[in-house]
Every structure is written in C-alpha cells, then in structure tokens.
**Q** 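Okay, handing you the structure first.
One-based numbering, in listed order, for ligands and for the atoms of each.
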Amino acid sequence: MDLGLNGKRALVSGSTLGIGRAIAETLAAEGASVIVNGRDEDRVSQAVRDIAGDVAGCTADLSTAEGAAALAEFATRDGPIDILVNNAGMFTVNEFFDIEDADWQAMFDLNVMSAVRLSRSLMPAMLERGWGRVLFIGSDQSSKPNPSMAHYAMTKTALVSIARSLAERTRETGVTVNTLQVAPTWTDGVDAFMQQMAEIEGTTPEEMSKGYFAEGEGRTSLLQRWARPEEIAAVAAFLCSPQSSAINGSAPRADGGMVRSLF
Ligand code: NAD
C-alpha cells in the first residue's frame with residue numbers, strides 16, 4: 001500500500017531514540033520530510049546523519065515552554081507542518097506513596113504539556129489548510145494503569161482526553177487527531193530502565209524481562225514479548241497517512257493484546 005506520505009512535512013518529538021526514532025525513520029522512508037528532535041545536540045546530529053531521506057534536526061528540551069516554542073518555530077521555518085507526532089515522554093516506576101510533587105509535575109510537564117504546546121502551535125495551520133494529522137503516543141497504560149507507575153499512567157490517559165477534545169475541532173476538515181495505545185516496547189529507554197531495576201533487585205535484565213510477562217504487568221499480553229519499535233512505527237505511519245482518513249478522535253491499540261477489553 002502506498003501510504004501517500006510523499007512531500008508531507010512531519011515533526012516527531014523525542015525522536016533520536018526508541019519509538020520516536022522508528023516513527024521518524026518510517027515516515028522518512030515513505031517519502032515525508034521529517035524533523036527529528038531530542039535534548040542532546042550530538043544525538044540529534046547523529047540521527048540526522050543516520051536516517052535515510054529528507055531529515056532535519058532540532059535540539060530542544062520539551063519539558064519547558066521555551067523548548068516547545070523553539071521546536072515549533074524551527075519546524076515551521078520552511079512552511080507549515082502536515083504531521084505532528086507527540087511522542088516525547090519519560091517513564092519511571094515508583095510506589096504511589098513515594099512519588100513527590102516534583103515527580104508528578106515533571107512527568108506532566110514533559111508527557112502532557114509538550115503535546116499540548118506543540119499541538120496548540122502547529123494544529124491551527126492544519127485546520128486552515130484543511131488537512132493534517134496529529135498523533136499522540138499513548139500506552140496500554142492509557143487504559144490500564146500500572147499502580148507502580150501512577151504518575152506516568154495519569155499522563156497517558158490525559159493524552160487520550162486531550163486528543164479527543166482536539167478532534168472535536170476538526171469537523172468537516174481532513175485533519176484527524178488520534179492516540180495510539182502502544183504496547184510495552186523494547187527501546188533504549190526500557191533497556192536502561194531494566195538495567196537499573198535489575199541492579200536494585202539483584203538480578204539480570206533478562207530475568208526481570210521474563211518475570212514481567214510471566215507474573216508481572218505483562219501477563220495479559222497476548223504477544224508475550226516486547227514489541228519492536230518498527231512494529232509500532234508501522235501502525236503510527238499508517239495513522240499519519242491519508243489512508244487513515246476515517247479514523248478520528250479515536251485511541252487505537254497496538255498493545256500486543258495487553259488490555260483485556262472488547263473496545
Ligand atoms: P526512549 O527513552 O527510548 O526515547 C525517548 C526519546 O525522547 C529520546 O529520543 C529522547 O531524546 C527524547 N526525550 C526525552 N526527554 C526529552 C525532553 N525533555 N525533550 C525532548 N526530547 C526528549 O523512549 P521510548 O520507550 O521510545 O518511548 C517513547 C514514547 O512511547 C513515550 O511517550 C512513552 O511513554 C511511549 N511508550 C513507550 C512504551 C515502551 O514500552 N517503550 C510503551 C508505551 C508507550
């Protein structure tokens with residue numbers, strides 16, 4: 001299937017590594033011009049060099065209003081953005097009673113406010129021109145919070161609500177706004193996280209990973225393994241394409257069957 005992404009201008013937030021990187025690669029391979037973003041200048045330059053296609057990079061910390069404004073300005077310097085993927089996000093595990101105010105705030109600032117700020121800056125031009133795609137990167141935790149990640153899960157559910165509110169602004173246009181509920185996926189972020197947890201628990205990342213699917217939160221997964229970033233990127237690229245025009249205001253799942261729910 002030709003996704004019809006040739007010539008579209010896309011911005012993927014937090015895209016030097018992991019799922020965002022895979023989405024940027026897939027969109028570029030499908031012919032879109034892609035802007036990648038991260039906090040580290042060297043990693044951004046490396047991603048621009050490594051990803052085949054028409055790729056530009058912008059270093060900006062999206063946990064701040066200034067960072068989001070700088071990225072939006074960079075992204076529109078040669079014209080409006082057609083596709084915005086709100087991917088940047090962080091995740092940590094912590095017992096509810098140990099999560100400090102500052103941790104809640106930091107999670108909200110990056111995971112929610114970066115998406116709010118970029119959508120607020122870039123979506124009006126999509127509405128004016130009558131076509132666009134805004135895709136929020138949610139999680140199986142958008143539907144089913146892991147009680148050890150309450151502050152993270154809260155942000156992923158918030159995205160579904162924000163996306164639906166924004167979708168209401170798209171009536172009778174070719175703009176869509178959706179949230180992709182993403183499966184546990186083996187990324188650089190998860191790898192670092194597993195190493196850290198294994199050290200704390202006195203075990204290996206492999207054992208931690210096995211336990212996650214055998215008796216942990218991953219036990220309801222029908223995939224019974226970590227998804228690969230490319231598997232998620234394939235669904236994301238479809239949702240960013242003209243081919244997905246009938247999907248709007250929705251939260252489709254590429255969750256490996258984690259969420260035991262019919263709808
Ligand atoms: P990752 O840690 O591997 O990569 C995160 C990317 O975001 C990197 O490119 C990093 O540079 C960038 N980033 C982080 N903080 C930033 C900031 N302050 N400003 C700008 N860029 C920043 O993460 P991942 O696992 O690929 O996750 C990406 C998204 O997918 C997140 O929103 C996450 O919540 C979501 N998600 C991940 C999983 C999973 O299992 N990996 C599951 C469901 C949802």
Side-chain angles (χ1 to χ4, degrees), residues 11-25 34-48 50-51 57-72 74-75 85-93 106-115 117-118 135-146 149 151-160 163 179-197 209 212-213 216-218 221 223 225-233 235-236 251 253-256 258-259:
L11 166 62
V12 185
S13 70
S15 44
T16 55
L17 298 170
I19 292 167
R21 166 67 177 258
I23 294 172
E25 284 173 352
V34 180
I35 294 163
V36 294
N37 149 259
R39 279 162 304 174
D40 182 292
E41 206 169 334
D42 290 341
R43 277 208 190 126
V44 171
S45 308
Q46 189 69 44
V48 171
D50 290 349
I51 300 175
C58 176
T59 308
D61 178 355
L62 296 185
S63 64
T64 68
E66 296 72 30
L71 178 58
F74 178 90
V85 182
N86 286 311
N87 167 78
M90 62 172 171
F91 38 88
T92 54
V93 169
M107 198 65 83
F108 188 79
D109 284 344
L110 178 62
N111 294 14
V112 177
M113 288 312 295
S114 69
R117 288 169 176 144
L118 290 174
L135 182 64
F136 290 72
I137 299 301
S139 158
D140 56 282
Q141 294 199 45
S142 297
S143 297
K144 179 189 77 61
N146 173 343
M149 300 177 78
H151 54 338
Y152 170 74
M154 166 278 292
T155 65
K156 292 293 156 180
T157 305
L159 295 181
V160 179
T179 307
L180 180 59
Q181 299 190 62
V182 168
T185 306
W186 195 265
T187 60
D188 303 272
V190 168
D191 189 55
F193 172 74
M194 280 297 190
Q195 305 273 2
Q196 208 182 342
M197 291 300 287
S209 182
Y212 175 77
F213 287 105
E217 281 295 307
S221 163
L223 204 56
R225 63 165 172 81
W226 299 89
R228 293 187 299 276
E230 316 83 75
E231 291 176 293
I232 304 304
V235 184
R253 292 196 219 130
D255 70 344
M258 281 277 286
V259 180

**Q** What I want to find out is whether R117 reaches E66 closely enough, with some N-O distance under 4.0 Å, to be called a salt bridge.
**A**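 So R117 does not pair with E66 through a salt bridge.
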
**Q** How close do W186 and D191 get, counting heavy atoms only, and between which atoms?
**A**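 So the two residues come closest at CZ2-OD1, 3.1 Å.
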
**Q** Within a distance under 4.0 Å of any heavy atom of P184, pick out the atoms of ligand 1 and give their elements.
**A**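 Counting atoms of ligand 1 from 1, those under 4.0 Å from P184 are 40 (O).
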
**Q** Side chain, backbone, both or neither: which part of S13 has a heavy atom under 4.0 Å from ligand 1?
**A**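 S13 to ligand 1: no contact under 4.0 Å from either part.
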
**Q** Which ligand 1 atoms does S139 reach within 4.0 Å, using its non-hydrogen atoms?
**A**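 Counting atoms of ligand 1 from 1, those under 4.0 Å from S139 are 43 (C), 44 (C).
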
**Q** Who's the nearest protein heavy-atom neighbour of atom 26 (O) of ligand 1, and how far?
**A**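 Of the protein heavy atoms, I19 N, 2.8 Å lies nearest.
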
**Q** Report the C-alpha separation of T92 and H151 in whole Å, then their side-chain angles, then the decisive distance to 0.1 Å, and conclude whether the side chain to side chain contact (heavy atoms under 4.5 Å, CB included) test is met.
**A** CA-CA 9 Å; T92 54; H151 54 338; 3.1 Å; yes

**Q** Below 4.0 Å, non-hydrogen atoms only: which portion of L110 touches ligand 1? Side chain, backbone, both or neither.
**A**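 Contact part for L110 vs ligand 1: side chain (C-beta onward).
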
**Q** Give me the atom names and distance for the closest heavy-atom approach of A68 to L62.
**A**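 Answer, listing the atom of A68 first, then L62: CA-CD2, 3.7 Å.
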
**Q** Taking distance alone, with no angle check, do W226 and ligand 1 share an N/O pair under 3.5 Å?
**A**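 Checking ligand 1 against W226, no N or O pair falls under 3.5 Å apart.
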
**Q** What part of A227 sits under 4.0 Å from ligand 1 if we count only heavy atoms: the side chain, the backbone, both or neither?
**A**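 Looking at A227 and ligand 1, no heavy atom falls under 4.0 Å.
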
**Q** Locate the shortest heavy-atom distance separating A88 from S13; write the atom from each residue and the value.
**A**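 Nearest pair, atom of A88 first, then S13: N-OG, 2.9 Å.
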
**Q** Identify the closest protein heavy atom to atom 12 (C) of ligand 1: which residue and atom is it, and at what distance?
**A**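 Answer, as residue, atom name and distance: G14 CA, 3.5 Å.
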
**Q** Which heavy atom of D255 sits nearest to which heavy atom of P184, and what is that distance?
**A**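 Closest approach of D255 to P184, heavy atoms only: O-CD, 4.5 Å.
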
**Q** When you measure from atom 20 (C) of ligand 1 to every protein heavy atom, which one gives the shortest distance, and what is it?
**A**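 Of the protein heavy atoms, A60 O, 3.4 Å lies nearest.
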
**Q** Which part of F91 is near ligand 1, with near meaning a heavy atom under 4.0 Å away: side chain, backbone, both or neither?
**A**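 Just the side chain.
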
**Q** Give me the nearest non-hydrogen protein atom to atom 8 (C) of ligand 1 as residue plus atom name, then the distance to 0.1 Å.
**A**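 Scanning the protein heavy atoms, the shortest distance from atom 8 (C) of ligand 1 goes to T16 OG1, 3.8 Å.
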
**Q** Do S221 side-chain atoms and L223 backbone N/O form a donor-acceptor pair below 3.5 Å?
**A**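 Yes; at least one donor-acceptor contact below 3.5 Å.
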
**Q** Taking only non-hydrogen atoms of A192, do any sit less than 4.0 angstrom from ligand 1?
**A**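 It does not, in that no heavy atom of A192 comes within the 4.0 Å cut-off of ligand 1.
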
**Q** Tell me whether Q141 reaches ligand 1 (any heavy atom closer than 4.0 angstrom to a ligand atom).
**A**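 It does not, in that no heavy atom of Q141 comes within the 4.0 Å cut-off of ligand 1.
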
**Q** For atom 19 (N) of ligand 1, what's the nearest protein heavy atom and its distance?
**A**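 Protein heavy atom with the smallest distance to atom 19 (N) of ligand 1: L62 N, 2.9 Å.
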
**Q** With a heavy-atom distance limit of 4.0 Å, tell me whether S114 approaches ligand 1 through its side chain, its backbone, both, or neither.
**A**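 S114 to ligand 1: no contact under 4.0 Å from either part.
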
**Q** In ligand 1, which numbered atoms sit nearer than 4.0 Å to a non-hydrogen atom of G18?
**A**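 Once the distances to G18 are compared, the set is 3 (O), 26 (O).
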
**Q** Nearest heavy-atom pair of L180 and L135: which atoms, and what distance?
**A**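 Minimum heavy-atom separation between L180 and L135: N-CD1, 4.0 Å.
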
**Q** Specify side chain, backbone, both or neither for N87, according to which of its non-hydrogen atoms lie closer than 4.0 Å to ligand 1.
**A**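 Contact part for N87 vs ligand 1: both backbone and side chain.
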
**Q** What protein heavy atom is closest to atom 43 (C) of ligand 1, reported as residue, atom name and distance in Å?
**A**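 The closest one turns out to be V182 O, 3.4 Å.
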
**Q** Counting from 1, what ligand 1 atoms have a heavy atom of V190 closer than 4.0 Å?
**A**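 Near V190, the atoms of ligand 1 are 39 (C), 40 (O), 41 (N).
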
**Q** What heavy-atom pair brings N111 and K156 nearest, and what distance separates the two atoms?
**A**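 Looking at all heavy atoms of both residues, the closest pair is ND2-CE, 4.3 Å.
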
**Q** Select one of side chain, backbone, both or neither to describe which atoms of M90 lie under 4.0 Å from any atom of ligand 1, heavy atoms only.
**A**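 None of M90 does.
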
**Q** Would you call the rings of Y212 and W226 parallel, tilted or perpendicular, where under 30° means parallel and over 60° means perpendicular?
**A**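 Rings of Y212 and W226: parallel, under 30°.
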
**Q** Does CD belonging to Q195 count more than 12 external heavy atoms closer than 6.0 Å?
**A**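 Correct, the count exceeds 12.
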
**Q** For atom 33 (C) of ligand 1, which protein heavy atom lies nearest, and how many Å away is it?
**A**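 Of the protein heavy atoms, Y152 OH, 3.6 Å lies nearest.
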
**Q** Have Q181 and S143 got a donor and an acceptor in their side chains that come within less than 3.5 Å?
**A**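 The answer is yes; a qualifying pair exists.
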
**Q** Mind checking whether G189 has an N or O less than 3.5 Å away from an N or O of ligand 1?
**A**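 There is such a contact, yes.
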
**Q** Out of all atoms in ligand 1, which are within 4.0 Å of some heavy atom of N37? Include the element for each.
**A**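 Per the distance check, 20 (C), 21 (N).
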
**Q** Starting from atom 40 (O) of ligand 1, which protein heavy atom do you reach first, and at what distance in Å?
**A**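 In this structure, atom 40 (O) of ligand 1 has T185 N, 2.7 Å as its nearest protein heavy atom.
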
